[in-house]
J.: 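The structure that follows is given in the form of C-alpha cells.
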Amino acid sequence: MRALLRVVSSLLSRPGTASAVGAIMVVYALLYLWLTGDIMGGGHGGWLALFPAWERLWQTRGPLQFEPVGLFFLGRLVWTFSPINTLLALTVGLLIGLNAVAGWRVWRSPRHCSLGAASSGLLGSLPALLAGGACCAPLLLIWLGLPFAGALASLAPMLLPGAALLLLIGLWGMARRMAQVDDS
Amino acid sequence: MQGSARLAFTLGILFSLPASLVLADPPSVSTPQVPVAHSLASFREAVRSGGPGKDGIPSIEHPRFLPADKAELSDADRIIGIHHRGQAKAYPQRILVWHEIVNDEFAGEAISITYCPLTGTALGFKRGDTELGVSGKLVNSNLVMYDRATDSEWPQILAVAIDGPLAGQGLEELRVFWTTWGAWRARHPQTEVLSEQTGFVRNYRYDPYGSYTPLSGYYRPDSTRLFPVMHRDDRFPAKTEVFGLRGAGGALAITREALREEGVVNVTLGERHYTVIHDAGLDTGWAFHNPANVSIRLADLEFTAEGIVGPGIESLEAVNGFEAMWFAWAAFYPDTALYEGGEAP
C-alpha cells in the first residue's frame, strides 16, 4: 500500500508525468461521458449553462449512473451534467492514466532490470487498461446497434466497479515492480 | 474516517430506498379483451434487463403543457396525440423517448400515455388511482411497465400483467395516435403540447436511437433489433411499420401500403368481422368490430376532431389499433393474420 501511494505521489509530483496522467484522465472521462450518453449532439450552436435540478444530485437512473442536474450547451454538443457521473468518469480516467504512465515508466527503465521484467511490467497494465475500456464496450455495442449488445446490458452494473478494482490491482502490481526497480 | 462512514451510510440508505412511491389502489383492470399467444410463464422467462434499472427511465408525473402556437416543433416531427373528454394533447416523440410514460389526467380521469421506442408503439391506458412506471425490463424488446400499487408487470403491447398480484388481468386501453405534429395540429387546432419542463434534465433535441425525420438509425426498417424475441418472422424487414389490432377474434396486422391504397379494409378473424378505415389526415387507421358486416364507403366519411362521422359508423364498435414494428407484433402474436392488400386473409 505504501509503495502504491509512493508511486502515485511520484507520478503526480512531476510535471511531465502529471500532465500525461491528467490528459489521459480527461480524454477517458470525455469518452466515457459520451458513450454513457451524458455528452451528445443536438446543440444548435452557442454557449449556455442551466442548472435546474440540483435536487436530483444523488438520484440514480441506473447502476452507478446518476441523474443530471444541469445542461451545458457547447456549440453542437449538449452535456447533461451530473457531478457524480463526472467524478466517477474522472476517477476511472485517473486510474487508467496512472496505470498507463506507470507502465510506461517501468518499460523505460531497462538498465535497472532485465528485459523480461520490463515487458511484464507493461503487460501487467494491459488487463487493467482493457478493463477501463470494458466500462464502455457494451455501451459502444448498443450505440452501434449490434444485436448481441442486449445480452451485455445486464452486465453493466459490474463493469465500473470491476474495472476500478482491476485498475487498482494493476497499479499496485506496477508499484511493487517499480519499487523493486528503484531498490536494485 | 468519519466522512467515509457517513458516505457509506448515505449510499447504503440511497440504494436501499424503494425506487417509487407506493400508492393505495391498483390500476383499472378487467378480464383481458385481447389474445395472449404465449403462456404467462413463457413471457416471464423471456423478460430481459434493458440496461437502466427500475425507474432509471423516469416517467413524467407532473406534465406541463403549452398552447400549440408556443410549441417548438416542425410539422414533420412525430408526436403521440390523444383526444379524450374534449381535450386534445400532443406528446412529442423526442420527449417521450426519454421517459416512455406520462401519468396524466383528462378532466379528472387518470390516464397513462406510454411509448416504447424499441418497438415503435404508443398506447394509452386508464390507470385508476395509481401510476405506471418503467420497470427497466423488456420482453420482445417491448417496454415492461409496472404499476405502483401492486408492482405487477405489464408489457405495453400485451396490456396484460405477466407477473405480480394482477398477473393475467388486462389494462383498459385508450386510442392514441402516432402521427406528425402538422397533421395533429390541423385536426386539433386547440391542442396542447407537452412542455420540455418535465422536472428532469434531458437532451430533448437528441434521440439516442436515431431519427424519424429523416428515417435513420434504429428506426430504419432494415436495421437489426437489439434483444431476442419469442417468435421470429422474417416476412418483412424487422422495423417495418404495420397497423395492428387484436380482439376476441385474434390479431391482425395490416401493411401501411395496403391501408393507404385500399382506404377501407374488411377482414374476418374467426367468427368476427373487423373494418379498418384509413384516415388520410393523420395517416393511420381506425379499427372497428363490424358485427353486422355493414359496408362502409370511404367517400361518405368525414374525419373530425371527435372521430369518424358517416353512414354506417354508428353500428360499429371501436377496437383499439396502433402502429408497431413488425418484429415486435409478430413476436407477441405469432399467429397474427396479415393483410397486404387484395384478397382478405
Side-chain angles (χ1 to χ4, degrees), chain A residues 34-45 49-74 76-85 87 138-139 141-159, chain B residues 7 10-11 13-17 19-20 46-59 72 94 97-99 118 134 136-141 196-211 216-220 222-229 232 238-239 327:
Chain A
W34 178 56
L35 287 168
T36 52
D38 278 14
I39 296 177
M40 56 183 86
H44 296 302
L50 302 166
F51 298 94
W54 279 109
E55 71 277 9
R56 299 199 186 276
L57 179 67
W58 295 103
Q59 198 174 324
T60 55
R61 56 192 288 199
L64 293 171
Q65 275 280 305
F66 289 79
E67 277 289 340
V69 301
L71 272 169
F72 289 107
F73 293 91
L74 309 163
R76 292 281 167 196
L77 295 177
V78 177
W79 182 2
T80 50
F81 174 68
S82 156
I84 312 298
N85 290 346
L87 193 63
L139 300 160
L141 296 178
I142 290 170
W143 186 72
L144 291 172
L146 298 182
F148 52 90
L152 294 175
S154 56
L155 295 176
M158 291 172 278
L159 290 173
Chain B
L7 179 64
T10 309
L11 287 173
I13 292 290
L14 276 169
F15 284 106
S16 64
L17 276 175
S20 58
V47 167
R48 297 280 183 278
S49 165
K54 194 174 188 176
D55 288 320
I57 296 172
S59 54
E72 291 182 26
R94 63 179 165 82
V97 75
W98 292 103
H99 297 283
L118 294 180
V134 180
K137 300 173 186 174
L138 301 170
V139 61
N140 295 323
S141 292
E196 291 183 8
Q197 304 299 313
T198 60
F200 294 90
V201 175
R202 292 291 185 275
N203 182 356
Y204 293 122
R205 304 301 158 114
Y206 185 84
D207 182 334
Y209 299 104
S211 162
S216 69
Y218 180 86
Y219 306 126
R220 279 188 304 111
D222 58 346
S223 65
T224 52
R225 56 183 168 73
L226 291 177
F227 293 88
V229 289
R232 186 173 161 169
K239 314 287 179 58
F327 82 90

J.: Checking heavy atoms, do the side chain of B/F200, its backbone, both or neither come under 4.5 Å from chain A?
T.: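 It is both, since atoms from each part get that close.
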J.: At a heavy-atom distance under 4.5 Å, which candidate from A/A53, A/G42, A/G43 has the highest pair count against chain B?
T.: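 Heavy-atom pairs under 4.5 Å are most numerous for A/G42.
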J.: Counting only non-hydrogen atoms closer than 4.5 Å, does A/Q65 touch chain B with its backbone (N, CA, C, O), its side chain (CB onward), both, or neither?
T.: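 Contact with chain B: none, neither part.
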J.: If every non-hydrogen atom of A/T80 is compared with every non-hydrogen atom of B/R202, which pair is closest and at what distance?
T.: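 Minimum heavy-atom contact is CG2-C, 4.0 Å.
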J.: How long is the straight-line distance from CD1 of A/I39 back to CG of B/N203, given to the nearest 0.5 Å?
T.: 11.5 Å
J.: Report yes if some heavy atom in the side chain of B/P58 is under 4.5 Å from a heavy atom in the side chain of A/Q59; otherwise report no.
T.: no
J.: Considering all heavy atoms of both residues, which atom of A/P52 and which atom of B/V201 are nearest to each other, and what is their separation?
T.: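 The answer is CG-CG2, 3.8 Å.
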